[in-house]
Amino acid sequence: MGMAEDAKTRTIEARNRLGVSANESVNVLNILRSILNVSIIGRPLASNVSGLFVQNNDVRIILINTNRSRGHQHFTAARELCHLLYHEALTGQICEIGLHNPKSPIEKEADLFACHFLAPDQAIDYLLNKRQKPFRPVSLADCVFLEQYFGISHQAMLIRLQQMGKISNHQAEQWKDGITRVARELGYDTSLYKTTADYWVMSDYAEKAREALDRDLISRGKYEELLLEAGLEDVLFGGETEDD
């Protein structure tokens with residue numbers, strides 16, 4: 001079995017395991033947090049890193065670079081999901097930007113897994129069949145509809161359509177630029193294509209640290225030290241004002 005076919009098989013297994021149907025769009029961050037109990041941190045990084053993950057026994061943490069578009073962040077989260085599910089021997093991995101950069105076999109597997117997990121062949125065929133009555137070739141509008149449905153970047157959606165033989169390399173080249181304008185003209189929210197550059201945390205780490213503080217198991221200084229070590233400065237110094 002080739003790497004692409006293996007990725008398809010794994011994504012079917014993963015969707016079944018996680019209770020996600022074949023045609024359903026997925027929120028990978030919610031899966032990582034709610035089902036797999038992974039702590040996730042979003043931070044803008046001034047580097048070529050899309051994300052990284054570390055795991056040590058029961059502790060699993062993923063970092064997402066929010067200086068990338070929302071669609072890119074979603075793809076990165078799916079790549080890290082692959083590492084967590086199928087590369088258990090890894091204690092950590094850095095994901096760098098670029099679907100076509102030379103990569104290790106494990107990184108190529110993660111790319112393929114993310115492509116097929118987020119936008120499965122079956123789901124793409126199902127959605128296109130619903131839109132293409134009477135039958136017509138795949139259009140740029142179809143591509144935008146699909147990427148909006150699956151929550152992935154325009155580049156990733158073009159690659160999926162090429163992988164399935166739905167569009168040619170020439171079409172992908174013609175359609176690659178100006179997607180924000182096209183999406184706006186078609187009436188879609190364009191936030192999928194924009195960087196968020198925000199700070200956020202999805203974890204119960206802060207909650208557990210606060211509980212330990214409230215139960216006098218740790219001092220205030222130790223509590224602050226734990227949050228700072230975990231990169232949770234915003235919990236301490238978030239700057240949000242409370243309502244009176």
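This one's a predicted model, so the numbers in the text were calculated from it and none came from an experiment.
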Using distance only, find each side-chain donor-acceptor pair of residues 206-218 under 3.5 Å and give its atom names and separation, not counting sequence neighbours.
| unit_1 | atom_1 | unit_2 | atom_2 | d |
| --- | --- | --- | --- | --- |
| R210 | NE | D214 | OD1 | 3.2 |

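- Between L127 and F145 there is a side-chain heavy-atom pair separated by less than 4.5 Å.
- R15 forms a cation-pi arrangement with F117, by the criterion of a distance under 6.0 Å to the ring centre and an angle within 45° of the ring axis.
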side-chain contact (heavy atoms from CB on, under 4.5 Å) assessment of C143 paired with H154
CA-CA 8 Å; C143 180; H154 184 56; 3.8 Å; yes
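- Using a 4.5 Å cut-off on side-chain heavy atoms (C-beta onward), I64 and I40 make contact.
- Here the closest heavy-atom approach between residue N65 and residue L45 is recorded as OD1-N, 2.8 Å.
- Residues meeting the side-chain hydrogen bond (donor to acceptor under 3.5 Å, both in side chains) test with E24, sequence neighbours left out: S21.
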For residues 84-93, dump all side-chain donor-acceptor pairs below 3.5 Å to protein atoms at least two apart in sequence or in another chain.
| unit_1 | atom_1 | unit_2 | atom_2 | d |
| --- | --- | --- | --- | --- |
| Y86 | OH | R10 | O | 3.0 |
| H87 | ND1 | H83 | ND1 | 2.9 |
| H87 | NE2 | E109 | OE1 | 2.8 |
| Q93 | NE2 | E107 | OE2 | 3.0 |

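- Between E80 and L63 the shortest side-chain heavy-atom distance does not fall below 4.5 Å.
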#### Entry: Test side-chain contact (heavy atoms from CB on, under 4.5 Å) applied to F75 and V28, step by step
CA-CA 9 Å; F75 190 90; V28 181; over 6 Å; no
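- Nearest heavy atom pair, residue R79 against residue C95, reads NH1-SG, 3.0 Å.
- Looking at heavy atoms from C-beta onward, V49 lies out of side-chain contact with R68 at the 4.5 angstrom threshold.
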Donor-acceptor pairs under 3.5 Å, side chain of residues 173-180 to any protein atom, not counting sequence neighbours: which ones?
| unit_1 | atom_1 | unit_2 | atom_2 | d |
| --- | --- | --- | --- | --- |
| E173 | OE2 | K176 | NZ | 2.9 |
| Q174 | NE2 | H170 | NE2 | 3.3 |

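- Nearest heavy atoms, A123 versus A22: CB-O, 3.4 Å.
- No side-chain heavy atom of Y188 sits less than 4.5 Å from a side-chain heavy atom of R184.
- Of the possible polar contacts, one joining the N16 side chain to the I12 backbone as a donor-acceptor pair under 3.5 Å is found.
- Residues satisfying the side chain to side chain contact (heavy atoms under 4.5 Å, CB included) test with N37, not counting sequence neighbours, are R33, D204.
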Stepwise side-chain contact (heavy atoms from CB on, under 4.5 Å) check, V38 with F53:
CA-CA 10 Å; V38 177; F53 93 96; over 6 Å; no
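- When all heavy atoms of A77 and L32 are compared, the pair lying nearest together is O-CD1, 4.0 Å.
- Side-chain atoms of L128 and L146, non-hydrogen and from C-beta on, do get closer than 4.5 Å to each other.
- T190 places none of its side-chain heavy atoms less than 4.5 Å from the side chain of Q148.
- Defined by atom type and a distance below 3.5 Å, a donor-acceptor pair is missing between the side-chain atoms of E96 and S50.
- For the pair P137/K166, no side-chain contact is recorded, criterion being any heavy-atom separation below 4.5 Å from C-beta on.
- Taking R181 as the reference, E185 meet the side-chain hydrogen bond (donor to acceptor under 3.5 Å, both in side chains) condition, with sequence neighbours excluded.
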